[in-house]
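Residue numbers begin at 1 in each chain, while the letters A, B, ... track the order of the sequences.
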Amino acid sequence: MTTAENPTARHLDSAARELMEEMSRWPIFDPHSHINPHRPAARNFDEVLGYHYYTELAHASGMPAEQVDPGLDPRSRALNLAERLDDLDNTVQYSWLLEIARTFHQFPHDRLNPRDVADLYDKALREGDAAGAAWDQRVWDQSNLEAVFLTNEFDDSLEGWDTSKYVPCLRTDDLVLKLHQPRVAERLRRATGEDVGDLEGLRKAVGILFERFTSKGARACAISLPPDFVPSPAAPRRAVTPVRRALRGLDLRRDEHAEIRATVFWMLAEHCAEFKIPFDLMIGPIRDVYPAGVAGGRDLFDRRVSLHDYRELFNHFASVVFPVSTLSPDAGAELVAYSWIFPNVMPMGHWWYSNIPAFIAADLKARIQALPKVKLLGYYSDAYKLEFILPKFNMYRRILAETLAEEAIGGRGWTTERALELAKLILIDNPRRVFGFEAQRGPALV
Amino acid sequence: MTTAENPTARHLDSAARELMEEMSRWPIFDPHSHINPHRPAARNFDEVLGYHYYTELAHASGMPAEQVDPGLDPRSRALNLAERLDDLDNTVQYSWLLEIARTFHQFPHDRLNPRDVADLYDKALREGDAAGAAWDQRVWDQSNLEAVFLTNEFDDSLEGWDTSKYVPCLRTDDLVLKLHQPRVAERLRRATGEDVGDLEGLRKAVGILFERFTSKGARACAISLPPDFVPSPAAPRRAVTPVRRALRGLDLRRDEHAEIRATVFWMLAEHCAEFKIPFDLMIGPIRDVYPAGVAGGRDLFDRRVSLHDYRELFNHFASVVFPVSTLSPDAGAELVAYSWIFPNVMPMGHWWYSNIPAFIAADLKARIQALPKVKLLGYYSDAYKLEFILPKFNMYRRILAETLAEEAIGGRGWTTERALELAKLILIDNPRRVFGFEAQRGPALV
Amino acid sequence: MTTAENPTARHLDSAARELMEEMSRWPIFDPHSHINPHRPAARNFDEVLGYHYYTELAHASGMPAEQVDPGLDPRSRALNLAERLDDLDNTVQYSWLLEIARTFHQFPHDRLNPRDVADLYDKALREGDAAGAAWDQRVWDQSNLEAVFLTNEFDDSLEGWDTSKYVPCLRTDDLVLKLHQPRVAERLRRATGEDVGDLEGLRKAVGILFERFTSKGARACAISLPPDFVPSPAAPRRAVTPVRRALRGLDLRRDEHAEIRATVFWMLAEHCAEFKIPFDLMIGPIRDVYPAGVAGGRDLFDRRVSLHDYRELFNHFASVVFPVSTLSPDAGAELVAYSWIFPNVMPMGHWWYSNIPAFIAADLKARIQALPKVKLLGYYSDAYKLEFILPKFNMYRRILAETLAEEAIGGRGWTTERALELAKLILIDNPRRVFGFEAQRGPALV
């Protein structure tokens, strides 16, 4: 797509515009998403409007949660939400929506009213497998996607899609945080064929998962962790009994829960070392802080969190790369310092509540000023539907263009070419290298 | 007043200037101040210079506290402080002072020397009730004020002024934090006519206060809370004894103090629900951190605070709107996230140590990018004298103009009209709606 | 040096450029460094490239620590590091290096390749005392240095250099944090000639140190403190036994360690009061968080820190000036508030992990907007070699020029002259006054 068509590039100054124009021609390498590889693009506009960013913002501005109940038919749900869009038409999230409508559905206006949404709903409807697959391909092509990382539950079969495009990633929240739930243990047994009943069985099962995932092309292990989680070195003897009790669904004391979490987490890091894949850490969320919220809009955080709690992990697993995202926007500066010292800590993307231009711009500027360029893992979409990848990346590219225009070209007299070299490293080369898509260069960590 | 006369608008770029020019014509709706409705504007220039911002900054730069002792005669106090103004002529607080002198007293210069202050003292002197009332009216008119919220102690009679202009607000710090002080219990008995001696008596008395305040036009309940305060659900049975002991002036254990605070606070929230008024939370101050300071200049904070401590409150009182201010500037990003998820949490103004352009601009940008526009409660003056409302609001309007010029007009291609719509929502429409000055629209929370 | 030669001034807008041009002519007053007065400038380019900023960034981007092992010969070490410079050529730290090469060694290019470093190594070699001394003088003159504060261990003899240029400063980390180490107690005995064995002996020894340091021209006492340190008022009776045990090298309980630290720290503050010198507090570092790092690149922090922990200190020692630096960038706003209230708290420089333009600019803007100008202690180099003082100060001057151009000239209509008055206060007059280089003016605190 040309920049003239790119609404995010309209108002940049000339140096930034030139950078943005060039970046718009590049492929997108997206190292973290929640795309469903069996249904990557939206089959209807409710799958766009149903993104939790819209439902939660609409709910937070007064819409009852029932109006976007999963039980409703999609068109009604979309139209209910459409009634509330005006209330959030100032937000950056709304701007993604508008860019989707304009880029993929030829929507010509600057604001979406309920009637527009009804039209878009009808226009965007893709019924049947063939129409769906064609649409997936069209969005993929128009977005110029190169690779999109997934979020796969440990018992995902990883079958039925091209894993060089939709790259598997082993998500491990359930194993670490919910091992005591009978359903999780049962899923683990079924996924591995092992009668997992104790610590050794658990270790064997985890090994089977890593074996399967990496053999199917997985390029990362990932987890999101609450702010009060402190990874501590495995103490297998101390963990034996709690892990056995957990796997048998017995009641656990608070300290036993902590022991189990730390033990399983440490075991995962050991497997990342053994299987030579990065371990994405997404630090901060507390689940279900607002239980009456809409689906996906119930989690928040406690800002009192520090990477100092992770020092033993970073020290112990010197051979494992930890791409780190932090949830609380004010924790971003600390991540710069930890990435500056630890070879295996890399700042990754701008996550969720931090994925707002004001926060991205501040974090990005500090990262570019303070960290070796080979360590900057630019951005990921975190998207659930393919359509969101382009507008989110364009938001980031625009901030990157402005930052480089100001810092590098304006501030240091760099040429446009040199600024683009850095941009390419941040957006493409570094993620490719760190996630094993090319021969190693620079920090041979994995 | 025209923009040409408005010193804060001189140096904006053209889009921002146009926005600022228009905003300067709007009325001011000020949802939080400490104005004394019986003496709203300053009767002499000491009442301007005596604002704690000046006395504390002068003291912090070396002036002995005695030089602004309340026992001194006002002219001497003003002249003492005038000697120190040079030391702080770089601050934004000084710029408010200059704007007051220029706007209300035709002061023509850019700096105030001690002789200027002597002249201003004489010129600004308003002796006698008639002169005072005329001056109040003139400042009100020239500032184009629409409504100014007060801070009323629970035993304020609320008599003797026009409550549609000076809107009562029930301030409840003493009830929550000082119930154990015999003087507070005594004031409560006198204010309610109840022989308050136990939890039930307390509940009855609080009901009487809410009844009286709302019947006299109060539109909010408000409280400032220390960073270590954690609101926890009422446990009436557990609170019975501590509350009775407190009301009888008996000694309390630390945990009893905490129990009483939580209980009274929860009771206030219950009354906000019942009487359908917002509960302004001002989170963060620790009183008397620097006891040797000047009056009003002794309080600070501990930055280790999180809204996560308020989750049970926000969940439990879904029908109560909580306009939230946080004191520590680095806590602003968390407030954005909580307002983004909780329908009843709204970010309100930029408070005290956060009321500095650098912090306002960062917070405002994030709020505008991330939050539904109907949730943005722009600004309040926190002023003690009427003269300060205009320069403080002009400071905010200027930052708002610059933010919208950059973000909305520059960044998204909005028209000036659309940017002004948003500005009006933030400055006027939302505060009017949330504090019950119009028919409900959007989030029908109260 | 003219601005035309100054690479940091090339791209400023015209008002900022004019300010920067003038500031470039001013002398540099540097109130904190680690310069060795016996060998102030680098004797070879390894002493430039060996700065921990380069070794740690190179290591953090993949270079094995062995490649900069202190045991290697300097030329090999420099060439090893040169191979990694490309990986960090985006950083502000790299820009200091380039400015050193261009300013002091006539290096003409914008990027340093390994061959350039080899040439620079040979060119920058200064063998023999006379060549070294001449080079020291040349860097001093070309940088237009006025005074450079040192970091002197308590047992430094303070002999052999001009203490009016290289100003002694008593660094006290070892006394407070390591008194229990037999080597420290032994050094203290040797330095003071006292048989220090108990609290009274310790007090006498500290008095001797302050006497010696101040008589040799020391102008400050300084310490860096971990985030969990809480200064509490001395409780001599309680400290008697732990201090005696520490001085005898006996084992200590955790609470005894805390008691000793607090006691010695309080004793130092008492001596600062008695000897009328400022006590520089550098708050935040945790030592050896990454033990496998390169020398100087092993320390980090925990961002959960608050100045509220220092309230008793600031209150008790009203006559002692505390120039405060905080390590965690997000703690900067709190320092503004504490400096705004406490007469004896002054924000000093931008330290280490906070010494990045993005963080400096945010902190500086808030300080200039909110704090009396007489309290702003602009910048210090923290340098180990003389060559770094100029590029670091130029980085700061540039940010100061941009901030004043935007805030003061653009935002308030100040003249260039008035903006320069403020700049001079921040850069030169305030540090001179606070550290006793002129007759007192303004806050007569020391």
Side-chain angles (χ1 to χ4, degrees), chain B residues 7-8 10-13 53 56-65 84-95 98 110-111 227 286 288-294 297-305 327-333 352-362 398 402, chain C residues 303-309 311-312 314-315 318 328-334 336-346 361-376 403-404 406-415 418-419 421-422 425-426 440-445:
Chain B
T8 70
R10 283 183 304 193
H11 305 281
L12 302 172
D13 75 22
Y53 283 94
E56 73 202 14
L57 286 171
H59 177 59
S61 58
M63 180 192 75
R84 302 294 181 147
L85 284 177
D86 253 14
D87 286 350
L88 38 121
D89 69 3
N90 57 297
T91 62
V92 70
Q93 298 91 339
Y94 183 92
S95 77
L98 202 63
D110 277 341
R111 276 170 135 157
I286 305 177
D288 231 26
V289 172
Y290 172 50
V294 299
R298 296 166 189 148
D299 306 337
L300 278 159
F301 55 85
D302 185 315
R303 56 186 288 264
R304 292 164 297 194
V305 60
L327 188 54
S328 186
D330 54 311
W352 196 348
Y353 293 112
S354 291
N355 186 29
I356 293 300
F359 303 137
I360 295 172
R398 185 186 178 212
E402 287 170 344
Chain C
R303 57 186 286 265
R304 293 165 296 195
V305 60
S306 173
L307 288 171
H308 189 243
D309 288 345
R311 65 194 179 281
E312 290 189 280
F314 298 150
N315 276 301
S328 186
D330 54 311
E334 198 189 54
V336 171
Y338 276 72
S339 306
W340 163 341
I341 290 298
F342 279 102
N344 52 343
V345 175
M346 300 200 175
D363 280 345
L364 179 61
K365 188 181 278 197
R367 292 179 188 181
I368 286 181
Q369 290 172 344
L371 299 181
K373 64 186 180 191
V374 293
K375 298 196 74 176
L376 304 172
T403 304
L404 291 174
E406 184 191 328
E407 285 294 306
I409 297 178
R412 307 234 203 126
W414 285 19
T415 60
R418 188 169 173 189
E421 275 173 38
L422 178 52
L425 215 51
I426 293 172
Q440 292 299 323
R441 182 193 158 269
L445 288 161

Test of understanding: with side-chain hydrogen bond (donor to acceptor under 3.5 Å, both in side chains), list the residues that count as partners of B:Tyr290, not counting sequence neighbours.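 B:Tyr290 satisfies side-chain hydrogen bond (donor to acceptor under 3.5 Å, both in side chains) with B:His59 only.
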Would you mind checking which part of [X] comes under 4.5 Å of any heavy atom in chain C, side chain (CB onward), backbone (N, CA, C, O), both or neither?
{"X": "B:Pro291", "result": "both"}
{"X": "B:Ile286", "result": "side chain"}
{"X": "B:Asp89", "result": "both"}
{"X": "B:Phe301", "result": "both"}

In terms of heavy-atom proximity below 4.5 Å to chain B, should C:Glu421 be classed as side chain, backbone, both, or neither?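 For C:Glu421, side-chain heavy atoms alone lie under 4.5 Å from chain B.
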Between B:Asp110 and C:Arg412 (salt bridge meaning N to carboxylate O under 4.0 Å), is one present in this structure? no
Minimum heavy-atom separation for C:Ala370 to B:Ile356, with atom names? CB-CD1, 3.6 Å
Grab the two heavy atoms, one from C:Leu371 and one from B:Asn90, that are nearest each other, plus how far apart they are.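 So the two residues come closest at O-ND2, 2.8 Å.
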Before you tell me yes or no, could you show the steps for B:Arg303 and C:Val305 under side-chain contact (heavy atoms from CB on, under 4.5 Å), namely the whole-Å CA-CA distance, both residues' side-chain angles and the distance that decides it to 0.1 Å? CA-CA 8 Å; B:Arg303 56 186 288 264; C:Val305 60; 4.0 Å; yes
Could you check which of B:Pro357, B:Ser328, B:Ser95 has the highest count of heavy-atom pairs closer than 4.5 Å to chain C? B:Pro357
Taking the side chain as every heavy atom from C-beta outward, state whether B:Leu300 and C:Phe314 have any atom pair closer than 4.5 Å.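 A side-chain contact is absent here, since even the closest heavy-atom pair is not under 4.5 Å.
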